[in-house]
Amino acid sequence: MAFSTPALENILAGILRDIKALNDEADIGSDSDHYIRSAAVAAAIEGLYQKLAWLYRQIFPDTADEEELVHAAAIRGVPRKDPVAATGIVGLKGVVDVELLQGSTLTHVTTGEKFDALVSATLGTDGTATVQARAQTLGASLNGLTGDLILTSPPLGMDANASFVGETTGGEDLEKPESLLARLLDIIQSPPAGGAIYDFKRWAKEVDGVADALVLPGRRGGGSIDLVITASTGNPSAEVIVRCKDHVVSVCSVFADVWVYPPTIRTVDSAALIELADGYTLSDVQAAAQVGYNALLGAMKPRETLKRSHIETMINNLAGVVDRSVTTPVGNVKASDDPLLIGWIRPGTITLGLLV
């Protein structure tokens, strides 16, 4: 039976009723001594009821406060995942055979964020090299970073100017309570079975930096397990992929040929013509459309097909849109045209125009 708390007015009314029952001549009017004392007692009792209601909510993880949820999950062996720093590949240049030592610091020119080289790197015969660098600041905020960096203490013969090759990836924030709750409920409802399909998914998601995992058993033959892992904002870093495989292999109690890799990202742009209601401008709707488009495609999982009708529905639900005609894509979009690849559709840019 669910726990319910009486309202302050009901508590007060019950106390005054009991006073009147014990002494029929007692004055329980709103300006009486009995009323004032009873109101103070009723307020204290209501506070106790509210405390009991809070304690009742903490019994169950799906209604518990964040702190108590973290506590309950830790007891069940489901610790909250820590934040992860973003990493990126940095291009270096200078004199042949000059070496950049592991731990060297680079500063991003635009943001001022600092990165550390994860390994040493030696310039090749063409005077260039690449090195993986990790942000000193934890979290997802530094994902997607591009541009130039400056070596804090460049070795003699190496250019102090460097730049990212591509974007930084793999940064993750402290695990959100809803994600922790989902993992806790998963282990309660599907207890570990020593190597079931859902075990591999759970093991992968236990790793910091892994938001979700697609398990593909037998894709490369009997005894093979492919784990396609993703981060909350894109693909995880190479460092997270290695740690994920090491963790899964270490906890798996059965023999399995485990591969861990990210999906192949397919960025999909869209375009549509719309008719606007009075009082709305194209720029206002354009901004809202991009937010909706990001949410729609951002929720997609690897291997899922993008339905053109879902884009139409999203646009149709925007404030100010009377009619719409999606021109791109012309049909549904598969995650990958190559059956050997595990594709993952990610949002690009949606461009709106006016229906004539």
Side-chain angles (χ1 to χ4, degrees), residues 140 143-144 146 166-170 179 182 197-198 201 204-205 210-220 224-237 241 259-356:
N143 285 338
T146 60
E167 297 182 343
T168 54
T169 60
S179 171
I197 298 303
Y198 60 76
K201 184 182 182 77
K205 292 175 67 175
V210 177
D212 203 0
L214 172 66
V215 185
L216 303 174
R219 188 166 185 258
R220 294 171 288 106
S224 69
I225 296 288
D226 285 20
L227 285 172
V228 184
I229 61 173
T230 57
S232 60
T233 58
N235 278 342
S237 65
I241 294 171
W259 282 13
V260 180
Y261 52 89
T264 300
I265 288 180
R266 183 172 203 170
T267 303
V268 178
D269 295 325
S270 183
L273 300 176
I274 61 172
E275 179 183 346
L276 292 174
D278 292 341
Y280 288 88
T281 65
L282 183 61
S283 60
D284 292 337
V285 178
Q286 173 68 67
Q290 187 64 60
V291 172
Y293 191 68
N294 290 346
L296 176 65
L297 274 64
M300 297 185 67
K301 298 182 179 297
R303 276 191 163 181
E304 287 186 350
T305 297
L306 173 61
K307 306 293 186 182
R308 183 172 181 268
S309 60
H310 291 174
I311 302 176
E312 293 175 338
T313 301
M314 182 275 295
I315 297 174
N316 214 48
N317 288 334
L318 296 175
V321 174
V322 176
D323 195 10
R324 82 284 177 271
S325 174
V326 175
T327 57
T328 303
V330 296
N332 296 340
V333 181
K334 294 181 179 180
S336 175
D337 294 326
D338 186 345
L340 298 179
L341 295 178
I342 307 300
W344 188 24
I345 291 179
R346 298 284 82 197
T349 301
I350 184 170
T351 304
L352 301 182
L354 295 175
L355 276 171
V356 179

Inter-residue atom distance Y261.OH - L227.CG, 0.5 Å rounding: 8.5 Å
Exercise: identify the closest heavy-atom pair between R219 and R303: NE-NH2, 4.0 Å
For V260 against I229, the heavy-atom pair lying closest together: CG1-CD1, 3.7 Å
Side chains of residues 210-217: which donor-acceptor partners sit under 3.5 Å, not counting sequence neighbours?
{"from": "D212", "atom 1": "OD1", "to": "K201", "atom 2": "NZ", "distance (Å)": "3.1"}
{"from": "D212", "atom 1": "OD2", "to": "K301", "atom 2": "NZ", "distance (Å)": "2.8"}

OG1-CG distance between T264 and D338, expressed to the nearest 0.5 angstrom: 8.5 Å
Expected output: side-chain T328 to main-chain S270 donor-acceptor under 3.5 Å: no
Residues forming a side-chain contact (heavy atoms from CB on, under 4.5 Å) with N294, sequence neighbours excluded: Q290, P347
Salt bridge (Lys or Arg N to Asp or Glu O under 4.0 Å) against K205, all qualifying residues, sequence neighbours excluded: none
Residue list, side-chain contact (heavy atoms from CB on, under 4.5 Å) with L282, at least two apart or on another chain: I274, L276, L352, L354
Taking every non-hydrogen atom, the tightest pair across N316 and R324: OD1-CD, 3.1 Å
Side-chain (Q286) to main-chain (G353) donor-acceptor, under 3.5 angstrom: no
Nearest non-hydrogen partners of E304 and I345, listed with the distance: O-CD1, 3.8 Å
Spatial distance of atom CG (L318) from atom CG (D284) [nearest 0.5 Å]: 11.5 Å
For I342 against P302, the heavy-atom pair lying closest together: CG2-CB, 4.1 Å
Atom of I315, atom of A272 and distance for their closest heavy-atom approach: CD1-CB, 3.6 Å
Partner set under side-chain contact (heavy atoms from CB on, under 4.5 Å) for A277, not counting sequence neighbours: Y280, V322
Short side-chain to backbone donor-acceptor contact, W344 and M300, under 3.5 Å: yes
Any donor-acceptor N/O pair, D269 side chain to T349 backbone, under 3.5 Å: yes
Spatial distance of atom CG (L297) from atom CZ (R346) [nearest 0.5 Å]: 7.5 Å
Interatomic distance, T313 atom OG1 to K307 atom NZ [nearest 0.5 angstrom]: 12.5 Å
Whether N332 side chain and R308 backbone form a donor-acceptor pair below 3.5 Å: yes
L273: side-chain contact (heavy atoms from CB on, under 4.5 Å) partners, not counting sequence neighbours: T327, L355
Test item: T230 side-chain N/O and N235 main-chain N/O as donor-acceptor pair under 3.5 Å: no
Sidechain-backbone polar pair: R266 side chain, K334 backbone, donor-acceptor under 3.5 Å: yes
